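Values below: every heavy atom of this structure, side chains too, minus hydrogens, waters and symmetry copies. We name chains A, B, ... by the order of the sequence lines, and we start the count at 1 in each one. Quantities reported herein were computed from a predicted structural model and do not represent experimental measurements.
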Amino acid sequence: MYLHDFYSRFTLDESLAEVTGFNPYYLSIESGLEDKLMVNGARLINLASNNYLGLAADDRVKKAAVEAVQKYGASLCGTPIATGYIDLYKRLEGKLSAFVGLEETMILPSCYQANNGLFSAIAGAQDLIIVDRYVHSSLIQGIKAAGCKIRPFLHNNLEHLEGILQRSTGYRQIFVVTESVFSTEGSVAPFQEIVQLCQKYNALPVIDDSHGIGVLGKSGRGILEEKGIEGYQGIYTASLGKAIAASGGMISGKSALIKHLKYYCPHLVYSTALIPAALAGIEAVLDIIDTEFGLLKKRLTSYQQIIYESLLEGGFSVVQAKTPINSIKSGSKENTFIITKKLFEKGILTTPFIEPAVPQGEGRVRLIAGANLSEDTIAEAAAVLKEMGRL
Amino acid sequence: MTLEQRVIKTLKDNLEKSPEISLESRLLEDLLVDSLDRMMLLSGLEDEFSITIAEEDFAEVATVSDIVRKLKARLSD
């Protein structure tokens, strides 16, 4: 009976999918990220992946991954601190550090683990973490796990942030945590000003650049390059599964801190190391960004603009973004699902966001057109979006 | 400014949308306050009234007037 009581607590509320006749989650994807995506047996235009530069299925990246598998096998079956720290892993740490312009880097199995493990390793009950109200779940959960005082500030609101900093005294250390690009609608943090406020009030900035690395900056180095921040003294995290087109997460910063974390961050120490195929794929992507970023970014920006204008022409309410993200303001969760469903039925795969990923009643449907898509595919998507809004 | 007015102003200053707020406003249903908003509101009230608030003490508040009642009890201690 006790087992029945336990398991009966776990029920899935599927009412939204029932009401709208559509469940956008856990769709069966039957192809890689080529020009079109096979989903549930249908070929769809993929405006849902974070494959910004379109390198996930690039032949050079695939080749590097295959060669790594041939040399090292599928996995090292060990944590980095034990048998998982292959020469490729070490070399990539150095390349990533150089790429973002920071002293040292550690690579984790995901950015969720990076953000989740970071704060309990660096903060405790005597500390204060001030955090943008809209940051990703991985940061919120990681911050909560640290057991310190938490004060959210209004989204990208420097006045509110400074007010909190002014009033916060008596803490061992104050951290200010934000994201470079807020992924549901593409807003960009005023990070240079945040760094300046941190300097003024002796706080330590922490930035998650998951949607900025490989996208922002004149050569794709991310938020620090974009904002012209030199000699950054804070902590930097990023996903390696978006523009960098593999999987994993990174934490970069001052050498002393990273060396400490490599022994005291359990999310790294007790996790099997990122597999050779992913490590080699990332290395290949960094090489491609070095030589082709200008071209890829130009295409990405052009596609974003075409999709944006098509959405407006179709009568959608769209967030004005400064990044390659287009975001429809869809309101209620029901409407968010319905728009996603209609787009799906018209052959376009998008990403819906409902609470708790966004505030209640502020649903978003996100569209990202990766640089791998052909001009014909973008034209096809644009025609559908223009028509869709009139339905 | 009365305590009620100070509470309402603090709530307005600490919510993204600066909605219409009255004593009868329900935090969840009317003001769409989620767990992070609640954290932000309580911190704002700490600053406004120069007190420390334990989250669990305010876990049950459902309306703005509930907050006022809690604060009055707290400030009269």
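Neither the backbone nor the side chain of E355(A) comes within contact range of chain B; no heavy atom of the residue lies under 4.5 Å from a heavy atom of that chain. Only the side chain of H160(A) comes within less than 4.5 Å of a heavy atom of chain B; its backbone N, CA, C and O stay farther away. Contact annotation for R133(A): both backbone and side-chain heavy atoms come within less than 4.5 Å of a heavy atom of chain B. In this structure, chain B has a heavy atom under 4.5 Å from the backbone of F153(A), while its side chain stays farther away. Neither the backbone nor the side chain of I164(A) comes within less than 4.5 Å of any heavy atom in chain B. Interface residue L28(B): backbone and side-chain heavy atoms are both found under 4.5 Å from chain A.
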Residue pair D127(A), I174(A): steps toward the side-chain contact (heavy atoms from CB on, under 4.5 Å) verdict: CA-CA 6 Å; D127(A) 303 314; I174(A) 297 172; over 6 Å; no

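Using a 4.0 Å cut-off between a side-chain N of Lys or Arg and a carboxylate O of Asp or Glu, K9(B) and D13(B) qualify as a salt bridge. Electrostatic pairing of R167(A) and E162(A) does not count as a salt bridge here, judged by no charged N lying under 4.0 Å from a carboxylate O.
F175(A) is not listed as a side-chain neighbour of L128(A), based on a closest heavy-atom distance of 4.5 Å or more.
Note: L32(B) leads L32(B), V33(B), L42(B) in heavy-atom pairs under 4.5 Å with chain A.
To the nearest 0.5 angstrom, T340(A) atom OG1 is 9.5 Å from I354(A) atom CD1.
A side-chain donor-acceptor contact under 3.5 Å links E16(B) to the backbone of H155(A).
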